[in-house]
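What follows is a set of notes on a single structure, which appears directly below.
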Amino acid sequence: MPSLGRLMAANETERPNIILIMADDLGYGDIGCYGNERIKTPNIDALARGGMRFTDYHSNGPVCSPTRAALLTGRYQQRAGIEGVVTAAKHRHTGMALEEVTFAEVLKGRGYATGIFGKWHLGYSVEFNPARQGFDEFRGYVSGNVDYHSHIDQAGYDDWWKNLEKVPEDGYCTDLITRHGVDFIERHKDKPFCLYLPHESVHSPYQGRNDPPERLPEGKKSKKGKGQGIAGAYKEMIEVMDEGIGRIVETVKRLGLERKTFIFFCSDNGATKNGSNGALAGFKGSLWEGGHRVPAVAYWPGKIKTGTVTDQTALGMDLFATMASLAGAELPAGLELDGVNLLPMLLDNKQLPQRTLFWRYQKERAVRKGPWKLLVQGENARLHNLTEDLGEKKNLAQAEPAMAKALEDELAAWESDVLAGVELKA
Ligand SMILES: [Ca+2]
């Protein structure tokens, strides 16, 4: 009969640490391991080389808040009423309802220490704070973006928090996120932890470490043009984030946690016109592939085979089921996730179940089934075969009417399902 000590040790190995790092507005062609030769990302590239790189990973939304609602809840964001951006001006009194179950709550229930350092963007009012959604520790901002230096949001408010209170802190946003992440890992090295690092990089305002603040107290703005310009800042912002990811990985290694820590890196939507979506059409805010097909890398030495590239389709909402499975956590009774557990593909290269996937934002809809994608734009519908036509240039709706119709029907059924009884808040 095993001793109590051995039982506890076995239990520890069943609860690996989880580090989920999400960039903001980082496009499919913005980093080295996705073909960018100008912007240097040696640390993310090393995770890809040592783990699995996804070529067909998608954010649930083509903008920030809906992607985050789906990531946090493991369900289509429409079910939480968050289909659009929770804006600084119009939506200050709304947010994701506390009744929504987050991955942080489920992992906390399984004994994990939970921390979020960076961007929340699921409600401005303190009642929607991440500290009320399962996170033990929060440092960062609740808006869509802050000045990287002054931490003032788009509406002119100070936006830097320590849990439920605004507590200012000096520093470049990306460096602060890294510093808190490293500190969290060091403090929790002896028990399972879930560290969620939603970076600001590479969202506007485009500011490097030594650029001046743009947003000043009392609604004042500094003159633009003093900084290095968008292209230079964009490159630096990604490279500073990459450097920070290197520090996170180095910390994990230094503490001997590498083989019991699952690391996942992704973006929350595609790049704007200031970045690169590689060969994809469209940008952030659209349902062309460039709006939501984004970089993603999974890393877990000894568990995920090194140097793997997968073309299986995965979404942000799959991470909830994946993390719950990693942790051996039970889901609350009655909770039905839309996302699936990715561990069979991550650990054993198994095929995920066949499924049809959906996106909906403003006047666009998209449906994905195998290589087929239906892109509905207002009254018009385009059908693409992404295996043959990743750039979505050739509309096959006329040539393949049966496929177009089948996907349209699935879309109608999905919409009536996810919108049933829902009041969209944003
Ligand atoms: Ca974003």
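Excluded from the calculations below are hydrogen atoms, water molecules and symmetry mates; all remaining heavy atoms, backbone and side chain alike, are included. Whatever order the structure lists ligands and atoms in, that order sets their numbers, starting from 1.
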Is T67 close enough to the Ca ion (ligand 1) to have an N, O or S atom under 3.0 Å? no
Quick one about N145 and R215 (side-chain donor to acceptor, distance below 3.5 Å, no hydrogens or angles considered), yes or no? yes
Just checking: H203, one of its N/O/S atoms, less than 3.0 Å away from the Ca ion (ligand 1), yes or no? no
Only N/O/S atoms count here: what is the atom of D268 closest to the Ca ion (ligand 1) called? OD2
How are the rings of H384 and W288 set to each other: parallel, tilted or perpendicular (split at 30° and 60°)? parallel
D25, N/O/S atom nearest the Ca ion (ligand 1): OD1
What atom name does the N, O or S atom of D24 nearest to the Ca ion (ligand 1) carry? OD1
Polar contact flag, side-chain donor to acceptor under 3.5 angstrom, D159-W161: yes
Determine whether the side chains of Y141 and D153 contain a donor N or O and an acceptor N or O closer than 3.5 Å. no
Quick note, ring-ring contact (aromatic ring centres under 6.0 Å, His included) partners involving residues 306-325, not counting sequence neighbours, are none
